[in-house]
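Atoms within each ligand, like the ligands themselves, are counted from 1 in listed order. Treat the numbers as computed from the prediction; the structure is a model and nothing was measured.
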Amino acid sequence: MYSLMKKLFPICRSITGNGNRETLNIIKEIIPINIIEVPTGTKVFDWTVPKEWNIKDAYVLNSKKEKVIDFKTSNLHVLSYSIPTHTTCTLEELKKHLHYLKDLPDHIPYLTSYYKENWGFCISYNDFLNLKEDTYEVVIDSELKNGSLSYGELIVKGLSDKELLFSTYICHPSMCNDVLSGMVVNTFIANYILNLKNTHKYTYRFLFIPETIGSITYLSKNLDYLKEHVIGGYTITCCGDNGNFTYLKTRLENQLTDRVTLHALSNSKINNYKVRDFMTAGSDERQYNYPGIDLNIGSLMRTKYYEFSEYHTSYDNLSFNSEENLCGTLSMYIKCIDIFEFNENFVVNTYCEPHLSKYGLHSDIGGSKILNDSSIILQFLYYCDGRDFLSIAEKLKIPMWELYDLSNILLKNKIIRVESQ
Ligand SMILES: [Zn+2]
C-alpha cells in the first residue's frame, strides 16, 4: 500500500486536470475503474463544473535570477488554481500573494482558490522572513480552460443490488494522510472485494472523485439510483498516521453504518478510539448526508482532518504515514464489511427451544467455546425474533465475529432462518 502512496505522492492534483487523470490511471493498474469526464460548464445541482486547471511550472526569481520559490521542489508552493502569470514586482507587491503559517514556521501551507481567479504562492514563514527588498520576477505557467472534471468509478456486483458506497477524494497535491491514504485504502478495499469473486451479498461502489464538486457532480448524475440502493458506506480519508481510530457519525446517527462501525471499534480491544459528531464533518460525507440525500455515509479514520498539526501542510508527507498504519486501517474496514455481510434478520424455526443435542450442539463440534456453550446458543436463539444479528451480538455483549460460526450452524440445521429485510 505504501508503495502505491509513494508512486502517487509527486503528482500535482487539483479538482480538475491531468494530475487527476494520471492518478486515476495509476489506480487503474490495480483495480479496473472507469474514468469518467464531465465537461466544464455542466450544471450540477447548485454548482457548475469549473474550468480545467493544469500547471507546468511556477517560480519566483530575485534580481540575481535565483529561484526563491520553486514549484518543482514542492507543488504545495503554488496556490491551487492560480491563473497564468508573468510579472515583475517589488517585495511589497509580492507579499500580497504570499501565504504562510506564523504558528508553524517550517510548514508550507496548502491553499486553493478554485472559484475566485487569483494567483499566489505558499511558503514557510521562515522562508518568508528571509525575503529581501528586491525586484522579483513571478512566473506561473498554468492554464485555465474549458475541459472536464475527471473521476473514477468501480461497481462490483454482489448477490443483491443493495449497495455499500466507498468514496475517497483525489484532489490534493503532494500530501499523504489527507488525500493519498484514502485513495490507497479505497483501492485495496476494492481489491479485497474483487478477490471475493462476486460471492458477497452487497454490491460495492468505489468512487475516486475531487472533493465537494466531485461528490456533488456524482450525486447529480446518480441520485435516484443511489437513494434506492445504497444502505450505507464511508468516505475514506486520514488512514495512514499512527493515531487512534476516529469514527465520524452519519448526520442522522444510529444508522446501520454507525452501528456496524461502533460495534467493530468497541469490540476490537483498541485503546481510546474517538467518535465525532456529524457537525464536524469536512469531506464528501457533507454531500452524501445532506438533508434529502441521506445516504447515511460515515467516515472511519485515524486522526481526523483538522485534528493534526501536519494537516494541509508540507509536513503531511510520506514520513507521516506508514504501511503498518495503512494496513491496520484496511483491516478495520474489512472487519466492518464482514459485519455488513453477515448481518441478517434471524427468525427461529422451532416452537419452543430446539432439542440441541439432536443437532450435536451439546457436544464438542467445532472446538469453539461458544459452540459448546448451550447457554450462549439458547441466549442467541431467544433474540432470533426478526431483529438483526448485530443487535443480538450487542445484547449478548459478544463480538459479532465470534458468533459467525454459530449462526452458520444454526442456519445449516434450519434451527433459524433469514428473514428478508
Ligand atoms: Zn484536505
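- Two rings, from Y333 and Y234, have their centers less than 6.0 Å apart.
- Considering C171, P210, S215 in turn, P210 is the only one that fulfils the side chain to side chain contact (heavy atoms under 4.5 Å, CB included) rule with Y151.
- Judged as a side chain to side chain contact (heavy atoms under 4.5 Å, CB included), and not counting sequence neighbours, the contacts of K7 are I26, E29.
- Protein atoms of type N/O/S that fall under 2.8 Å from the Zn ion (ligand 1) number 3 in this view.
- For residues 31-55, every residue pair satisfying the salt bridge (charged side-chain N to carboxylate O under 4.0 Å, His left out) rule, not counting sequence neighbours, is listed here: R21-E37, R21-E52.
- Taking the six-membered ring where the residue is Trp, the centroids of F308 and F320 are separated by under 6.0 Å.
- Legend: residues meeting salt bridge (charged side-chain N to carboxylate O under 4.0 Å, His left out) with E323, ordered by chain and number and at least two apart, are absent.
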